[in-house]
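Atom set for the values below is all heavy atoms of this structure, side chains included, hydrogens, waters and symmetry mates excluded. Proteins come first, then strands; the chains are lettered A, B, ... in the order of their sequence lines, and each starts at number 1. Model, not experiment: these values are computed from the prediction.
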Amino acid sequence: MTRHQLLTASLCTLAISIAQGAGAADIDYGTFGDYAKYGTAADVAGACSYAAMDEKDYSGRTLKVISHAVPVIGEPTDLHARQFEALTGAKVDVVHVPFGDLYQRIMIPFQTQQAAYDVLFYPSLWIGDFHNFLAPVPAAYKEVSGLKDVTANYKDVATWGEEMVQYPVDGDRHYMKYRSDIFDNADMQTKFKTETGKDLRVPQTWEEYNAVATFFSGWDWAGDGQPHFGSAEVTKRDDLMFSAFISRVAAYAKNPNVKGGFFFDLETMEPQVNNPGWVKGLEMFIDAQKAFPPGGGNFGLGDEIFSFGGGQTLMSYSWDDAFIQAQEADSPIRNKVAAAPLPGANTVWNRTTKSWDTFETPNAPPYITWGWTSAVAKASKNQDMAFDYLCFFSNEANTTLDLQIGRFGVNPYRSTHFDPAFWQDKLGWERNVAETYVQTLSGMDDSTNRVFDLRVPGVNQFMSSLANGVAEAMAGQKSPQEALDGVAAQWTEIRDKIGADRVREAYANVVALEDRGR
Amino acid sequence: MDQTGLRFYKSSFLLPGLLVLLAIILFPLVFTIRVSLSGWDAISPGLNWAGVRNYVIVFGDRRFWEAMLRLSGMAIGTVLVQYVLGFALALLVWREVLFRRFFRVLFLIPMMTTPVVMSVIWRTIFHESLGPANDFLGLFGLGPYPWLTSANWAVAAVMLVEIWQWTPFMFLLLLAGLLSLPREPFLAAAIDGAGPIRTFLNVTFPMLAPVSIGALIIRLIEASKIMETVYVLTSGGPGTATETAGYYIYIRGLRDFEIGYAAALSITYLVVMIVLMTVIAKLLVRVLVGRSA
């Protein structure tokens with residue numbers, strides 16, 4: 001039996017089961033590759049379901065899609081494209097592009113007014129540059145069950161002003177992950193207490209994080225004969241290090257009592273990147289280096305994932321990947337990890353009063369940092385088919401399966417994803433692991449003091465400049481203040497080049513999200 | 001057919017090739033110059049007219065000039081080492097040695113590998129806790145060394161990979177040069193009682209000077225474009241310790257999407273390189289061949 005015949009047979013079975021009213025059919029990806037081990041998921045009835053797509057006929061039409069390289073987001077793009085072809089008769093051309101080239105491959109056709117791609121997958125923080133070129137999500141799609149179930153944070157991420165221009169397919173944020181087996185170990189607790197005079201607990205502040213990480217660096221606390229270390233962080237200059245840095249800075253510089261901008265003062269548009277809160281965050285980032293594993297000063301995201309996920313370090317913070325890696329079936333630390341919100345700070349810079357505010361409960365703003373998103377090009381002549389593809393991509397059955405395939409890079413973004421039972425039943429996680437994971441992630445939606453990315457035109461220039469300044473300070477080439485003063489000067493130049501009003505107009509959208517109470 | 005007709009007849013045969021050559025070489029260059037005079041970036045699409053504004057900024061861009069200086073040091077350093085090693089290897093297999101053909105192929109393998117892929121492999125080798133470089137050195141009680149996290153070591157690591165990958169190219173050119181040398185001068189030197197060192201210094205090296213100059217210049221041009229190795233190994237870090245001009249232009253052009261400015265950087269880089277290479281070529285000729293050349 002050929003793949004096509006098998007698919008046709010599956011679809012016939014599906015059609016018959018629907019016709020017989022036998023309830024939702026079970027979907028599996030087995031026909032399209034080595035996905036059988038991920039089991040099946042029910043096809044939830046609705047406009048985006050397999051059954052609904054099977055009713056469509058896009059024969060003779062071609063959908064052009066640009067996405068990231070395989071596997072992260074690129075593999076599900078491909079998989080769902082092939083399924084969509086089989087169901088609708090459309091031809092779907094997927095172009096996979098390495099991360100470093102993705103921006104310009106999307107932007108140049110936009111700028112030259114070519115409809116090179118109908119559907120785009122890209123990091124959500126580029127919305128500031130792309131929003132004018134994107135088709136708003138039609139009202140009908142906002143009413144489908146999957147999109148209605150997207151949490152407030154990720155609807156915010158997809159929205160520009162009052163308009164949803166990105167189609168949510170992923171949810172991302174930074175949070176802390178740690179080795180619960182070590183924190184819960186009585187011997188480790190005694191040793192820590194004896195040597196530091198303090199109780200060993202999951203760090204509540206970045207000072208505690210650095211202290212615990214330093215204590216657990218350079219010795220064999222895992223009992224496997226190897227030295228282990230305190231913290232794995234993303235530190236490689238042009239490999240998303242800016243996000244790690246912002247995670248640390250948020251605690252010191254995103255003051256819940258000060259509205260109107262974390263990156264800039266919205267009123268004056270003066271960069272805040274060199275204020276004492278940011279400098280303190282950088283000093284703590286530099287201080288943390290002594291708890292890094294060898295080579296940790298040059299860790300890209302992949303290194304961070306495998307360092308924590310492979311059991312080399314006690315703690316880490318970034319996106320979900322390291323946690324998912326740690327929970328893979330063959331991981332040496334499976335079910336020995338837990339998740340927690342990012343650490344906070346007891347003293348937070350107040351840029352209005354130019355002084356430090358003290359908080360008894362540490363200030364710990366969640367950082368809703370960029371994740372993968374999708375959109376339809378305004379210039380596309382296939383918008384109907386494009387939105388159908390995205391709605392199919394993220395239907396309940398597909399999302400249920402995609403969440404289980406770690407390498408896909410699809411992470412929880414709907415209310416139904418924050419059910420511990422899902423992770424326990426589908427992936428065999430232990431209860432504590434699933435609960436800390438779900439509580440940490442869902443807790444961010446409740447926050448009234450959040451940090452989003454700098455979603456303004458020229459975001460890459462701002463972030464590239466920031467990463468360079470931080471890297472110079474991390475390498476000891478400049479002092480933290482000197483490095484961030486340099487960044488602030490560059491941000492001022494970039495702001496003036498783009499136009500302060502233009503940046504302000506865009507930044508007002510970010511501030512509205514950050515200051516909006518929930 | 002008169003002379004004019006003959007000239008036209010001959011030129012018409014050359015014209016297609018000439019047009020293709022212009023299209024391949026001249027058009028991209030002219031287009032880049034035009035782009036460099038525009039403010040094309042994420043905000044202002046297209047070729048608006050920005051005059052020489054980008055060039056004014058380039059002259060004040062300290063990071064670019066530091067990257068140029070760093071690049072010069074790395075390029076000259078790696079090419080010199082490649083030349084010495086390449087020459088030594090070429091001399092080794094020029095003579096009748098056992099398994100000569102095997103060694104000739106073996107020495108060429110690094111050059112035939114893909115730079116990005118090899119950089120990824122070298123990155124694994126240099127991994128400070130899991131990579132074999134520190135494990136191997138540890139057998140002799142050395143290290144561990146911060147290959148990619150200390151400025152000096154990172155520069156050394158990038159240079160090492162470049163030397164490993166491109167010494168075979170130098171080897172290939174110099175071996176070809178050695179094989180083309182006439183035998184008579186060597187016979188004369190032997191009859192005069194010259195030993196191997198004297199023969200090398202007075203016969204082999206001077207006779208190979210033209211090939212050496214060509215090889216050095218070609219490699220310097222190539223080495224001044226160090227990019228993949230930096231991109232994969234260090235991303236220009238720690239800090240800006242390994243940031244080369246090519247990598248910086250990549251960041252400004254493709255990551256930051258400052259297309260106009262990146263074009264101005266590229267043209268500046270091109271002009272600097274043409275001037276430097278001309279000077280270096282003249283110096284090499286003067287040193288290796290002599291004033292009369």
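Contacts between B:W40 and chain A at a heavy-atom distance below 4.5 Å involve the side chain alone, from C-beta outward. Both the backbone and the side chain of B:D41 have a heavy atom closer than 4.5 Å to some heavy atom of chain A. With a threshold of 4.5 angstrom between heavy atoms, B:L254 approaches chain A through its backbone and through its side chain. Looking at A:Q312, the atoms closer than 4.5 Å to chain B (heavy atoms on both sides) all sit in the side chain, from C-beta outward. Both the backbone and the side chain of A:D238 have a heavy atom closer than 4.5 Å to some heavy atom of chain B. The part of B:Y250 that comes within reach of chain A is its side chain, from C-beta onward, which places non-hydrogen atoms under 4.5 angstrom from that chain. Interface remark: B:R63 contributes side-chain atoms only to the contact with chain A (heavy atom separation under 4.5 Å).
Distance check: A:K236 NZ to B:T149 OG1 gives 12.5 Å after rounding to the nearest 0.5 Å.
Enclosure of atom CG in A:D220 by more than 12 non-hydrogen atoms of other residues, nucleotides or ligands within 6.0 angstrom is indicated. For A:F306, the CZ atom sits in a loose shell: 12 or fewer heavy atoms of surrounding residues, nucleotides or ligands are nearer than 6.0 Å.
Options B:P144, B:P45, B:A151, B:G46 differ in how many heavy-atom pairs under 4.5 Å they form with chain A, and the most are formed by B:P45. Contact count against chain A (heavy-atom pairs under 4.5 Å) is highest for B:A42 among B:A42, B:G39, B:G131. Most heavy-atom pairs under 4.5 Å with chain B, from the set A:G297, A:P457, A:G100: that is A:G100. Between chain B and the residues A:Q104, A:M107, A:R105, A:R237, the largest count of heavy-atom pairs under 4.5 Å involves A:R237.
In this structure, the side chains of B:H127 and A:D303 come closer than 4.5 Å at one or more pairs of heavy atoms. A:N298 places a side-chain heavy atom less than 4.5 Å from the side chain of B:R123.
Smallest separation of non-hydrogen atoms from B:S129 and A:P294: OG-O, 3.5 Å.
At a threshold of 4.0 Å, the pair A:D101-B:R255 does not count as salt-bridged, since none of the basic side-chain nitrogens sits closer than that to a carboxylate oxygen.
Residues of residues 495-510 of chain A that come within less than 4.5 angstrom of chain B, heavy atom to heavy atom, are A:K497, A:I498, A:R502 in numerical order. Residues of residues 227-241 of chain B having a heavy atom under 4.5 Å from any heavy atom of chain A, listed by number: B:Y231, B:V232, B:L233, B:T234, B:S235, B:G236, B:P238, B:G239, B:T240, B:A241. For residues 257-276 of chain B, a heavy-atom distance under 4.5 Å to chain A picks out B:F257, B:E258, given by residue number. Listed in order of number, the residues of residues 461-471 of chain A that approach chain B to under 4.5 Å between heavy atoms are A:Q461, A:S464, A:N468, A:A471.
With B:E128 contributing its side chain and A:G295 its backbone, the two residues share a donor-acceptor pair below 3.5 Å.
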